[in-house]
Protein chains: 2
Amino acid sequence: MPRMSVQSRVSRNIQRIRREKDLSQEEVAHRTDIHQTYLSGVETGKRNPSILVVERIAKALGVDVSEIFKPN
Amino acid sequence: MPRMSVQSRVSRNIQRIRREKDLSQEEVAHRTDIHQTYLSGVETGKRNPSILVVERIAKALGVDVSEIFKPN
DNA sequence: TTGTGACTATTAGTCCGTT
DNA sequence: CAACGGACTAATAGTCACA
């Protein structure tokens with residue numbers, strides 16, 4: 001899977017990890033204080049979040065930020 | 001070096017890689033079409049760039065985006 | 001060559017409801 | 001529970017004159 005855009009990479013990783021941990025978007029929204037609708041936009045690759053937002057999501061998912069940017 | 005903020009992590013990695021490749025901020029600015037002053041702000045941890053901006057910088061530096069987010 | 005402050009234009013991010 | 005849309009506000013993208 002070469003040269004995938006950073007947005008799809010991030011969205012896939014976030015969704016995968018969130019599901020692995022059995023968390024709902026609403027739960028992550030609560031933990032991060034980011035709206036569910038926005039998280040949805042991130043997970044569907046429609047949003048271009050800042051690195052601080054990605055950091056908050058990573059924390060809420062209990063993983064290091066670098067996990068979110070791993071190629072898939 | 002535990003739990004360093006994503007901003008310092010990103011700024012350090014970008015600056016380190018850029019210097020390893022012997023590039024000036026202006027050269028990277030030209031390649032990314034991002035202004036030198038903005039890059040400076042990113043490298044000094046004062047900006048909170050979006051993931052698309054980080055992707056452009058990574059490309060200009062010839063590394064995968066994940067490199068930029070590696071802990072240091 | 002890199003950093004700063006100040007600024008405007010654009011986008012990130014919120015909040016509402018609805019599917 | 002997740003996605004979509006619109007309307008809105010806060011924050012970032014991007015520029016400049018200068019140190």
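Sequence lines set the chain letters: A, B, ... in the order given, protein chains first and strands last, and positions in each chain run from 1.
- Between B:Lys46 atom NZ and C:dG3 atom C1' the separation is 7 Å, expressed in whole Å.
- When the C1' atom of C:dG13 is taken as reference, atom CD1 of A:Ile57 falls 11 Å away, rounded to whole Å.
- With C:dG3, D:dA2, C:dT1 as the candidates, the nucleotide lying closest to the side chain of B:Ser24 is C:dT1.
- A straight line from CG of A:Leu23 to C1' of D:dA2 spans 15 Å, rounded to a whole angstrom.
- Between A:Gln25 atom CD and A:His30 atom NE2 the span is 15.5 Å, to the nearest 0.5 Å.
- Each of A:Leu52 and A:Arg19 was matched to the nucleotide of DNA chain D holding its nearest heavy atom; the match closer to the 5' end belongs to A:Arg19.
- Salt-bridge formation is detected for the pair A:Asp64/B:Arg9: a Lys NZ or Arg NE/NH1/NH2 atom is positioned less than 4.0 Å from an Asp or Glu carboxylate oxygen.
- Rounded to the nearest 0.5 Å, atoms OG1 (A:Thr32) and CD (A:Glu27) are 9.5 Å apart.
- For the pair A:Glu27 CD and D:dA2 P, the computed distance is 11 Å after rounding to whole Å.
- Donor-acceptor pairing under 3.5 Å is recorded for the side chains of A:Ser8 and A:Ser5.
- Going from atom CG of B:Leu39 over to atom C1' of C:dT2 covers 11 Å, rounded to whole Å.
- Rounding to the nearest 0.5 Å places CZ of A:Arg47 at 12.0 Å from CD1 of B:Ile51.
- Residue-level contact check: B:Arg18 touches the backbone only, with heavy atoms under 4.0 Å from sugar-phosphate atoms and none from bases.
- A:Ser40 comes within contact range of at least one nucleobase, with a heavy-atom separation under 4.0 Å.
- Residues B:Gln36 and B:Leu39 have side chains not in contact (no heavy-atom distance under 4.5 Å, counting atoms from C-beta outward).
- Contact annotation for A:Gln15: backbone-only contact, meaning every heavy-atom pair under 4.0 Å involves sugar-phosphate atoms and none involves a base.
- Going from atom CD1 of A:Ile51 over to atom P of D:dA11 covers 16 Å, rounded to whole Å.
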Which letters describe nucleotides 14-19 of chain C, given B = protein heavy atom under 4.0 Å from base, S = only from sugar-phosphate, - = neither? BBBB--
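- Between B:Glu43 and B:Arg18 there is a salt bridge, with a side-chain nitrogen of the basic residue lying less than 4.0 Å from a carboxylate oxygen of the acidic one.
- When the C1' atom of C:dA12 is taken as reference, atom CG of A:Asn48 falls 8 Å away, rounded to whole Å.
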